[in-house]
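Below is one structure; the comments refer to it alone.
Computed from heavy atoms alone, side chains included, the values below leave out hydrogens, waters and symmetry copies. Within every chain, numbering begins at 1; the chains are lettered A, B, ... in the order of the sequence lines, protein sequences first and strands thereafter.
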2 protein chains.
Amino acid sequence: MEKARDMLIEAAVNLGESLGLNRAVCQIYALLYLSNAPLSPTEIGKTLEMSKGNVSINLRTLEQWNAVRKVWKKGYGRPLYTANENIEEIIFDKLKTGMEKRLNYVKPIMKQVRKDGDKKLSSKNEKFFIRVNKIEKLIEKIEFFLRNFETIRTIAK
Amino acid sequence: MEKARDMLIEAAVNLGESLGLNRAVCQIYALLYLSNAPLSPTEIGKTLEMSKGNVSINLRTLEQWNAVRKVWKKGYGRPLYTANENIEEIIFDKLKTGMEKRLNYVKPIMKQVRKDGDKKLSSKNEKFFIRVNKIEKLIEKIEFFLRNFETIRTIAK
DNA sequence: TCCTTTGTTTAATATGTTTTAAACTATTTT
DNA sequence: AAAATAGTTTAAAACATATTAAACAAAGGA
């Protein structure tokens, strides 16, 4: 059954690329997702033939994304790790957080551009501001989408 | 007005990062999007202070994405370039094409795993296959989403 | 036609990211 | 408490990507 597992792990790596994720995070997450029981960093490293440093770094990343969480086994003082099985939630939360951060950087710029432009609006600049308006509309649309995604998803299926 | 333009170009670079796009594609697309008239590669290179080789390579990429198209000015044998203003369409088409390619790689693997598994289903493996099922459900959901995105988008606003 | 300008291709350089190795810290076992 | 095992951190290496410079090809103007 390990062959099947390894094939699926490779598939996860492939899919992860499309989200800009590195090999190690995908491998670790997929392994934990497919495991019957929580695993220790050492076990993860051995199974994936990956240095313990790499395991450590990427486990932390996965924890920050809420993609993985610690599990405490009694009588054993170190944490094991298990996957958050709700993949949809993980992807969406990450997308949402990332997008919001970017938009918060962009929005003040848009405001500034608009303010400067209102002062001196020549016909040559008109087209420029039509496009600025279009971008602002698009940003609103994205924000609407992020706010209402849960609802949309429910309607969709 | 060039200051405003440059600020918006920087904003585009920032947003592009979240989609895994490189600096040059974002800059070139944004410049063309905000320009009143089509531009030549030389003009683009000068404005963005970028080597002509880089302009050439990334213009081709943008053309392949349908993000930019050639415009022929009569009496002039070289093409100028202009932006496809439908940003939403560009992003979605790219997402769709990319996702479909990945899923077509993953789906045969899923089938293979399921086939191998049906032969010898022990209770230890049961949990494993429950998770395989979950992934298949998720893939179906993504495919549904890609097929029906246009519709969903219309409903959403 | 020849010279100049513009655009493409490719090899090299520069930049950024991922992974490892090794030094360090913390925990467990004896 | 000492030795062994496990985990973290960091500096270096391996690897990947983006950018440029320069050689080449195509087009425009003299």
Using side-chain heavy atoms (C-beta onward) and a distance below 4.5 Å, is [X] in contact with [Y]?
{"X": "Phe144(B)", "Y": "Arg147(B)", "value": "yes"}
{"X": "Ile142(B)", "Y": "Leu146(B)", "value": "yes"}
{"X": "Ile28(A)", "Y": "Tyr81(A)", "value": "no"}

Length of the line joining [X]:[atom1] and [N]:[atom2], which is rounded to integer Å:
{"X": "Ile44(A)", "N": "dA6(D)", "atom1": "CD1", "atom2": "P", "result": "14 Å"}
{"X": "Arg60(B)", "N": "dT9(C)", "atom1": "CZ", "atom2": "P", "result": "5 Å"}
{"X": "Met50(B)", "N": "dT8(C)", "atom1": "CE", "atom2": "C1'", "result": "16 Å"}
{"X": "Glu63(B)", "N": "dG7(C)", "atom1": "CD", "atom2": "P", "result": "13 Å"}
{"X": "Lys52(A)", "N": "dA26(C)", "atom1": "NZ", "atom2": "P", "result": "15 Å"}
{"X": "Leu59(A)", "N": "dT19(C)", "atom1": "CG", "atom2": "P", "result": "13 Å"}
{"X": "Arg23(B)", "N": "dT15(C)", "atom1": "CZ", "atom2": "C1'", "result": "13 Å"}
{"X": "Glu17(B)", "N": "dG16(C)", "atom1": "CD", "atom2": "C1'", "result": "12 Å"}

How would you label the contact of [X] with the nucleic acid (heavy atoms, under 4.0 Å): base, sugar-phosphate, or nothing?
{"X": "Thr42(A)", "result": "sugar-phosphate"}
{"X": "Gly53(A)", "result": "base"}
{"X": "Asn54(A)", "result": "base"}

Point to revise | Pairing of Arg23(A) and Glu10(A) as salt bridge, 4.0 angstrom limit | key: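 Here Arg23(A) pairs with Glu10(A) in a salt bridge, since their nearest N and O are under 4.0 Å apart.
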
Point to revise | Nearest-nucleotide 5' precedence on DNA chain C, Tyr76(A) against Gly20(A) | key: Gly20(A)

Check your understanding: Taking only side-chain nitrogens and oxygens of Ser56(A), does any of them come within less than 4.0 Å of OP1 or OP2 of dT9(D)?
Key -> no

Review point. Which atom pair, heavy atoms only, marks the closest approach of Ile87(A) to Tyr33(A)?
Key: CD1-CE1, 3.8 Å

Practice item. Tell me which nucleotide among dT19(C), dT19(D), dT8(C) gets nearest to the side chain of Ala24(B). Key: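 Looking only at side-chain atoms, Ala24(B) lies closest to dT19(D).
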
Check your understanding: Which nucleotide, dG7(D), dG7(C), dT20(C), lies nearest any side-chain atom of Ile57(A)?
Key ->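 In terms of side-chain proximity for Ile57(A), the closest of dG7(D), dG7(C), dT20(C) is dT20(C).
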
